[in-house]
Amino acid sequence: MPATLGFLVTGIGLPFLGVVAIGVSKSDGLFDLASRVHPIYGIFMTVALYMTIGPFFALPRTGTVSYEIGIAPYLPSQYQTIGLLLFTVIFFAIALAFSMKPTKILIWVGKILNPLFLVFLAILIVTAFLKPMGVISEAAVHGNYVTEPFITGFTQGYNTMDALASLAFGIIVVQTIKGLGVRNPSNIAIDTIKSGIVSVILMAVIYGSLAYIGATSVGQFEVSENGGIALAQIAQHYFGSFGSVLLAIIVTVACLKTAIGLITACSETFCEMFPNSFSYRTYVILFTLLACGIANVGLTKIISLSIPVLMFLYPLAITLIFLALLSPLFKNRQVVYVTTTIFTIFVSIADGLNALPAGIKSISFIDNILAFYSRYLPLFDIGMGWVFPAILGLIIGWIISLVKKQELRF
């Protein structure tokens with residue numbers, strides 16, 4: 001339960017607050033919001049977030065998750081590498097074709113797929129609760145889940161990347177609400193909260209239920225390398241080949257739709273930010289090829305490679321969300337954004353270094369840095385060392401803003 005609650009905070013709570021933050025701050029999106037620290041920082045955060053939820057990590061995962069659920073269970077181990085290659089080439093070729101000229105068919109596919117997936121998932125969840133595969137055993141708990149379950153769940157929630165996505169795509173929600181005639185920032189925030197409550201509750205039920213099913217499945221299966229393998233095994237256990245094939249089809253098409261959305265969003269964003277660089281079509285090709293190449297390292301490896309980047313980016317994203325939410329109180333004064341971000345970024349860099357493989361962390365220079373932070377900074381060893389510096393930076397910046405009383409307008 002503590003691990004699940006920690007996961008829900010970062011997997012659902014922060015993305016929800018991220019969308020609300022975009023509305024409350026009166027910003028025009030991620031670049032505008034991050035530029036309140038500095039325009040260069042705005043470019044850095046926008047590029048970093050879109051590359052993370054795009055071709056570096058989230059986009060390749062759409063292909064590997066589909067493969068792990070739909071193809072991998074039916075291939076012998078010696079054919080897994082070539083199978084992944086062929087599947088991802090076909091998968092991203094289709095995504096590339098649709099991304100070149102997005103059509104409204106994707107909207108209709110989403111309207112059919114999303115309810116279908118939720119219905120299948122609901123049937124799976126109800127079945128698992130009525131006929132559990134085993135009991136939750138403390139013997140199955142391992143690693144940091146034994147000593148710091150909540151914090152471990154909290155940092156594992158980074159892997160959803162949804163808080164990053166909320167900053168990148170929150171403006172779409174805000175613009176939709178504005179399109180319905182709502183203009184006051186307070187009303188936008190209220191309507192965002194109202195419209196998000198149902199989603200938050202449903203996502204909490206889904207994530208919590210999946211955590212329970214995963215925990216009880218240890219009585220039937222060994223702990224899987226990743227969730228894609230576990231979900232495929234569980235579907236096979238309850239519904240046999242038919243259920244596995246149905247799940248594979250739904251997940252693959254849903255992931256394909258997500259891949260197309262990520263490719264088009266990233267390409268459009270980079271075209272807007274760098275109008276004199278490449279064309280939209282060129283960005284589409286570049287991002288698709290990059291994602292296809294990275295996908296072939298496999299889902300488990302992609303997740304492990306993403307952890308240092310997420311440990312670096314998430315503290316910056318979290319502080320930006322809370323700065324946006326608190327911005328009416330300190331009247332958007334730039335000094336508050338600057339001090340909070342500076343105090344946070346030095347620790348987030350160390351958090352990223354601390355999540356690197358042991359071989360890299362053992363390098364003398366890096367080892368000395370991590371030893372210093374571990375010795376003098378509370379919570380650093382559990383990945384939460386940025387909390388107190390961020391709060392300190394916020395307080396210092398707020399005091400400076402009150403003394404100078406210079407309001408920065410945007």
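For reference, positions follow the sequence shown, starting with 1. Computed over heavy atoms, backbone and side chain alike; hydrogens, waters and symmetry mates excluded. None of these values were measured; they are calculated from a predicted model.
Around the CE atom of Met1, the shell of radius 6.0 Å holds no more than 12 heavy atoms that belong to other residues, nucleotides or ligands. More than 12 heavy atoms of other residues, nucleotides or ligands sit less than 6.0 Å from atom OH of Tyr207. The 12-atom threshold is not exceeded at CD of Glu222, counting heavy atoms of other residues, nucleotides or ligands nearer than 6.0 Å. Heavy atoms from other residues, nucleotides or ligands lying under 6.0 Å from OH of Tyr373 number more than 12. Enclosure of atom CZ in Phe129 by more than 12 non-hydrogen atoms of other residues, nucleotides or ligands within 6.0 angstrom is indicated. By the neighbour-count criterion of 12 heavy atoms within 6.0 Å, atom CD1 of Ile40 is sparsely surrounded, having that number or fewer from other residues, nucleotides or ligands.
The shortest side-chain heavy-atom distance between Val9 and Phe150 falls under the 4.5 Å cut-off. Proximity of Leu33 to Ile22: side-chain heavy atoms (C-beta onward) are separated by under 4.5 Å at one or more points. For the pair Tyr337/Asn332, a side-chain contact is recorded, criterion being any heavy-atom separation below 4.5 Å from C-beta on. No side-chain heavy atom of Asp367 sits less than 4.5 Å from a side-chain heavy atom of Ser362. Side-chain contact check for Val284 versus Thr264: every heavy-atom pair is 4.5 Å or farther apart. Looking only at side-chain heavy atoms (C-beta outward), Ile307 and Asn159 come within less than 4.5 Å of each other. The shortest distance between side-chain heavy atoms of Lys361 and Leu370 falls below 4.5 Å. For the pair Ser279 and Thr282, the minimum side-chain heavy-atom distance is below 4.5 Å.
Here the side chain of Gln334 pairs a donor or acceptor atom with the backbone of Val37 at under 3.5 angstrom. The closest donor-acceptor contact from the side chain of Asn296 to the backbone of Cys292 lies under 3.5 Å. Between the side chain of Thr339 and the main chain of Gly393, a donor-acceptor pair closer than 3.5 Å is present.
The structure places OG of Ser99 at 4.0 Å from CD1 of Ile263, a figure rounded to the nearest 0.5 Å. In this structure, CG on Leu329 lies 8.0 Å from OG on Ser327, to the nearest 0.5 angstrom. Atoms CE and CG, on Met273 and Leu30 in that order, are 8.5 Å from each other to the nearest 0.5 Å. Rounded to the nearest 0.5 angstrom, Glu272 CD and Thr46 OG1 are separated by 11.0 Å. Atom CD1 in Ile321 sits 11.0 Å away from atom CG in Leu316 (nearest 0.5 Å). Atom CG of residue Leu85 and atom OG1 of residue Thr81 lie 9.0 Å apart, to the nearest 0.5 angstrom.
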Apply side chain to side chain contact (heavy atoms under 4.5 Å, CB included) to residues Tyr314 and Thr319 and explain how you reach the verdict.
CA-CA 8 Å; Tyr314 251 83; Thr319 51; over 6 Å; no

Quick one: do Arg36 and Leu320 satisfy side chain to side chain contact (heavy atoms under 4.5 Å, CB included)? Show the steps, please.
CA-CA 10 Å; Arg36 296 185 179 186; Leu320 193 59; over 6 Å; no

Ile229 and Leu299: side chain to side chain contact (heavy atoms under 4.5 Å, CB included), yes or no, with the steps?
CA-CA 10 Å; Ile229 296 173; Leu299 179 58; over 6 Å; no

Between Asn368 and Phe372, is a side chain to side chain contact (heavy atoms under 4.5 Å, CB included) present by the stated rule, with each step listed?
CA-CA 6 Å; Asn368 290 336; Phe372 173 83; over 6 Å; no

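Across Gly385 and Leu377, no two heavy atoms sit closer than the pair O-CD2, 3.4 Å. Closest approach of Thr155 to Thr152, counting heavy atoms only: OG1-O, 3.1 Å. Minimum heavy-atom separation, Phe287 to Ser267: CD1-OG, 3.6 Å. What you find for Ser401 and Val335 is that their closest heavy atoms are CB-CG1, 3.7 Å. In plain terms, the two heavy atoms of Ile382 and Ile151 that are nearest each other are O-CG2, 3.3 Å. Across all their heavy atoms, Tyr145 and Gly153 have their closest contact at CE2-N, 4.3 Å.
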Could you list the donor-acceptor pairs under 3.5 angstrom formed between side-chain atoms of residues 65-79 and any protein atom two or more places apart in sequence or on another chain?
unit_1	atom_1	unit_2	atom_2	d
Ser66	OG	Thr62	O	2.8
Tyr67	OH	Gln80	O	3.0
Tyr67	OH	Gln80	OE1	2.6

Expected list for residues 236-255: side-chain donor-acceptor pairs under 3.5 angstrom, two or more places apart:
unit_1	atom_1	unit_2	atom_2	d
Gln236	OE1	Ser244	OG	2.8
Tyr238	OH	Lys131	O	2.6
Ser244	OG	Gln236	N	3.4
Ser244	OG	Gly240	O	3.2
Thr252	OG1	Ala248	O	2.7

Would you mind writing out the side-chain donor-acceptor pairs for residues 342-359 within the sub-3.5 Å range, not counting sequence neighbours?
unit_1	atom_1	unit_2	atom_2	d
Thr344	OG1	Thr340	O	2.7
Ser348	OG	Ile345	O	3.0

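In terms of the side chain to side chain donor-acceptor pair (under 3.5 Å) criterion, Thr216 has no residue partners (sequence neighbours excluded). Not counting sequence neighbours, the partners of Asp381 by the side chain to side chain donor-acceptor pair (under 3.5 Å) test are Ser374. With sequence neighbours excluded, no residue satisfies side chain to side chain donor-acceptor pair (under 3.5 Å) with Asp191.
Test Leu164, Thr269, Leu262 against Tyr50 for side chain to side chain contact (heavy atoms under 4.5 Å, CB included) and you get one pass: Thr269. The only option from Tyr280, Tyr283, Phe31 that meets the ring pair (Phe, Tyr, Trp, His ring centres under 6.0 Å) definition with Phe270 turns out to be Tyr283.
Ring geometry for Phe154 against Tyr158 counts as perpendicular: the plane angle is over 60°, on a 0 to 90° scale with 30° as the lower cut.
Between the side chains of Asn226 and Thr300, at least one donor-acceptor pair of N or O atoms lies under 3.5 Å.
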